[in-house]
Q: 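Below is one structure. I have some questions about it.
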Amino acid sequence: MEQTTLINLIVLLLSSLLLVGVLTTKFSSRFGMPALVLFIAVGMVLSQFIYFDNAFITQLVGILALIVILFEGGMQTKFADVKPVIRPALSLSTLGVIITTVVIGVCAKFILGVSWMESMLFGAIVGSTDAAAVFSVLGGKNIKKRITSTLEAESGSNDPMAVFLTVTLIELIHHPEQSIWIHILLFLWEMGFGLVVGFVLGRIGVYAINKMNFDSSGLYPVMALAFAVLTYAAASLLEASGLLAVYVMAIVLGNSDLTYKRSIIHFNNGFAWMVQIMMFVLLGLLVFPDQLLGIAWQSLALSFILMLVARPIGVFLSLLFSRYSVREKTLLSWAGLRGAVPIVLATYPLLDEMDVGPLFFNVVFFVVLTSAIIQGTTISWLAVKLGLMDPNETSSPSLLELVSLGKTTSEINHIQVQKGMSIAGKAIQDIQLPEDILFTAIIRNEQIIAPRGTTVIEPGDTLYVLSPKLKRQQMKELFMLLEPEAAP
């Protein structure tokens, strides 16, 4: 009976946490602050009543959450937006992380009083930006597309460098006789093969999802998520970067014609929020407030050095030969938010039972908290001051979404009409539609219009078209769809 009561209390607690987490996102979006701050705060409050110090479970949940977050972010990343900024984004995610690591590592040496290798380890832990924080803060803001695309591509691809530096430095601390060249070759393998695994499994995922005819549409998002976890596991077993592979795989899926794409995206968006809530609450439980007061000034000093010195130096040097203006580099510097990745990496020294493990974890907590509160709430303000807001920029809906009709040979195509399409401005009766392709509905200004021969198709309309699956390519040619969603 007591066990049943305990189980019911745990279920009540978990449901309450999810409900509180959902409600707190309303306040976080109003103040432009990442919701992770409030989730961590909830965990810290609970730590006063629940004792939790299992770094392994926290790391496991954190890695699973990062897989879902990167998958969700990659699915919504348009390759047409990322392609022009691939080179600077990769420079930021590699050279920028290294420079930031070295600068903050030098400062940590003297502020924390640790060894050089340990200080560089701390720099590696906080050297990368966080995809969850960046995606959540930039979502819905009209910052110029070039800036947001660069930040999203950087945050989605810089995790492998941070993980590599963290693991390598821990290995070198325990085994200083190891050659650094072995680790450099391992990094090249991790990055290169991570790209290959992500691309190959992404292609396989697209083929498998489109070929399957499930009785329930709810199985497609589950299948897509299973491919994300499979991609991470397969890449990791091959000593490649699992996180990079997941991000690449998600970009391939998100930029392909995919059955039930919108359902998959919506499912992943909700699931990503759920795992974020769980992850940050667990991270908050790992923090003991009474241990924070003794390192408050050191933590705050390193936080401000990271925001005002290390990150800007890393951005300006890694983009030295790019065409970004000083104003754009300034915003890129300030928008380098820290979040889940540094805290998950901070569990590595804890699990390795290093003497500096508890110290680093508590300092990283301060770094993440100050980054979220200070930088997260002022990105929009700074973008306005720097003249980098685009009032006309809106989130563009998908051009083509495919919804299979059970085990039939037909599907419904969801098409967003844009200027320049051959059908824009034409009456339906003037469009030469094949006999087996039929307009079923038009959505205009949030109203449903029954399509008739005299109905004129206008830019901004959303068309629902019934057609055979085998004529998918003909559908695209018929409506002269551009190819921004073509897989890389």
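When a residue number appears, it is its place in the shown sequence, counting from 1.
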Q: Any side-chain to backbone donor/acceptor pair from T166 onto A162? Under 3.5 Å, distance only.
A: yes
Q: Rounded to the nearest 0.5 Å, how far does OG1 of T231 lie from CZ of F227?
A: 7.5 Å
Q: Could you tell me the separation between the OG1 atom of T440 and the CG atom of L438, rounded to the nearest 0.5 Å?
A: 6.5 Å
Q: Roughly how far, to the nearest 0.5 Å, is the CD1 atom of I449 from the CZ atom of F439?
A: 13.0 Å
Q: I need the L320 CG to L95 CG distance, nearest 0.5 Å.
A: 9.5 Å
Q: Judged by atom type as modelled, is there a donor-acceptor pair below 3.5 Å linking the side chain of R311 to the main-chain atoms of L332?
A: yes
Q: Taking it one step at a time, do V61 and V275 satisfy side-chain contact (heavy atoms from CB on, under 4.5 Å)?
A: CA-CA 8 Å; V61 173; V275 294; over 6 Å; no
Q: Checking S322 side chain against L319 main chain: does a donor-acceptor pair fall under 3.5 Å?
A: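 Here the side-chain-to-backbone pair exists.
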Q: Answer yes or no: is there a side-chain heavy-atom contact under 4.5 Å between V364 and F122?
A: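 With C-beta onward as the side chain, the pair touches.
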Q: Could you tell me whether a side-chain N or O of S91 sits under 3.5 Å from a main-chain N or O of S318, the two making a donor and an acceptor?
A: yes
Q: Ignoring hydrogens, what is the shortest heavy-atom contact between V341 and S128? Give both atom names and the distance.
A: CG1-OG, 3.5 Å
Q: Identify the heavy atoms of V68 and A272 that sit nearest to each other, and give their distance.
A: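 Distance-wise, the nearest heavy atoms are CG1-CA, 3.6 Å.
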Q: Considering only NZ, NE, NH1 and NH2 on the basic side and carboxylate oxygens on the acidic side, decide whether E154 and R87 come within less than 4.0 Å.
A: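 Not counted as a salt bridge, because no side-chain N and carboxylate O are separated by less than 4.0 Å.
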Q: Would you compute the distance between atom CZ of R338 and atom CG of L345 and round it to the nearest 0.5 angstrom?
A: 11.5 Å
Q: Measure from the side-chain N and O atoms of N268 to the backbone N and O of I264, and report whether any donor-acceptor pair falls under 3.5 Å.
A: yes
Q: For the backbone of V315 and the side chain of K329, can you confirm whether one donor and one acceptor N or O come within less than 3.5 Å of each other?
A: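 Such a contact is absent between K329 side chain and V315 backbone.
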Q: Please tell me if the side chains of P349 and I125 come closer than 4.5 Å, counting only heavy atoms from C-beta onward.
A: yes
Q: Tell me the closest heavy-atom pair linking A235 and V197, and the distance in Å.
A: CB-CG1, 4.0 Å
Q: Look up atom CD in Q447 and atom CD1 in I442, then write down how far apart they are to the nearest 0.5 Å.
A: 12.5 Å
Q: Are I428 and I457 close enough, and set up right, to give a side-chain contact (heavy atoms from CB on, under 4.5 Å), and what steps lead you there?
A: CA-CA 7 Å; I428 294 179; I457 305 299; 4.0 Å; yes
Q: If the test is salt bridge (Lys or Arg N to Asp or Glu O under 4.0 Å), which one of R146, R323, K145 qualifies with E328?
A: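 With E328 as partner, R146, R323, K145 yield a single salt bridge (Lys or Arg N to Asp or Glu O under 4.0 Å), made by R146.
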Q: What do the steps show when you test N158 against T94 for side-chain hydrogen bond (donor to acceptor under 3.5 Å, both in side chains), and what is the final call?
A: CA-CA 7 Å; N158 66 4; T94 52; over 6 Å; no
Q: Of all residues at least two apart in sequence or in a different chain, which pass the salt bridge (charged side-chain N to carboxylate O under 4.0 Å, His left out) check with R444?
A: E458, D461
Q: Do any N or O atoms from the side chain of T168 and from the backbone of L165 form a donor-acceptor pair under 3.5 angstrom?
A: no
Q: For atom CD1 of I448, is the number of surrounding heavy atoms from other residues, nucleotides or ligands below 6.0 Å larger than 12?
A: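 Atom CD1 in I448 is not packed in, count stays at 12 or less.
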Q: If I compare all heavy atoms of M161 with all of F187, which pair ends up nearest, and what's the gap?
A: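 Smallest heavy-atom distance, with atoms named: CE-CZ, 3.2 Å.
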Q: Are K144 and T148 side-chain neighbours, meaning at least one heavy-atom pair lies under 4.5 Å?
A: no
Q: Is there a side-chain contact between I209 and L253 (heavy atoms, below 4.5 Å)?
A: yes
Q: Before you tell me yes or no, could you show the steps for Y324 and V85 under side-chain contact (heavy atoms from CB on, under 4.5 Å), namely the whole-Å CA-CA distance, both residues' side-chain angles and the distance that decides it to 0.1 Å?
A: CA-CA 10 Å; Y324 290 85; V85 300; 3.5 Å; yes
Q: Main chain of M212, side chain of Y220: is a donor-acceptor contact present, judged purely on distance under 3.5 Å?
A: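 Yes; judged by distance alone, with no hydrogens or angles, the pair exists.
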Q: Is there side-chain contact between M249 and F71, with at least one heavy-atom pair below 4.5 Å?
A: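 M249 reaches F71 side chain to side chain.
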Q: I need the minimum non-hydrogen distance between I143 and A383, along with the two atoms involved.
A: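 In this case the closest contact between I143 and A383 is CG1-CB, 4.0 Å.
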Q: Decide side-chain hydrogen bond (donor to acceptor under 3.5 Å, both in side chains) for E190 and S241; before the verdict, give the C-alpha distance in whole Å, the side-chain angles of both, and the deciding distance to 0.1 Å.
A: CA-CA 5 Å; E190 289 180 357; S241 173; 5.9 Å; no
Q: Given the rule in the side-chain contact (heavy atoms from CB on, under 4.5 Å) test, do F267 and L225 qualify, once you have shown the distances and angles that lead to the verdict?
A: CA-CA 9 Å; F267 173 85; L225 185 60; 4.1 Å; yes
Q: Taking all non-hydrogen atoms of both residues, which atom of V252 and which atom of V206 are closest, and how far apart?
A: O-CG2, 4.2 Å
Q: State whether the side chain of W189 and the backbone N or O of G194 hold a donor-acceptor pair below 3.5 Å, judged by distance alone.
A: no
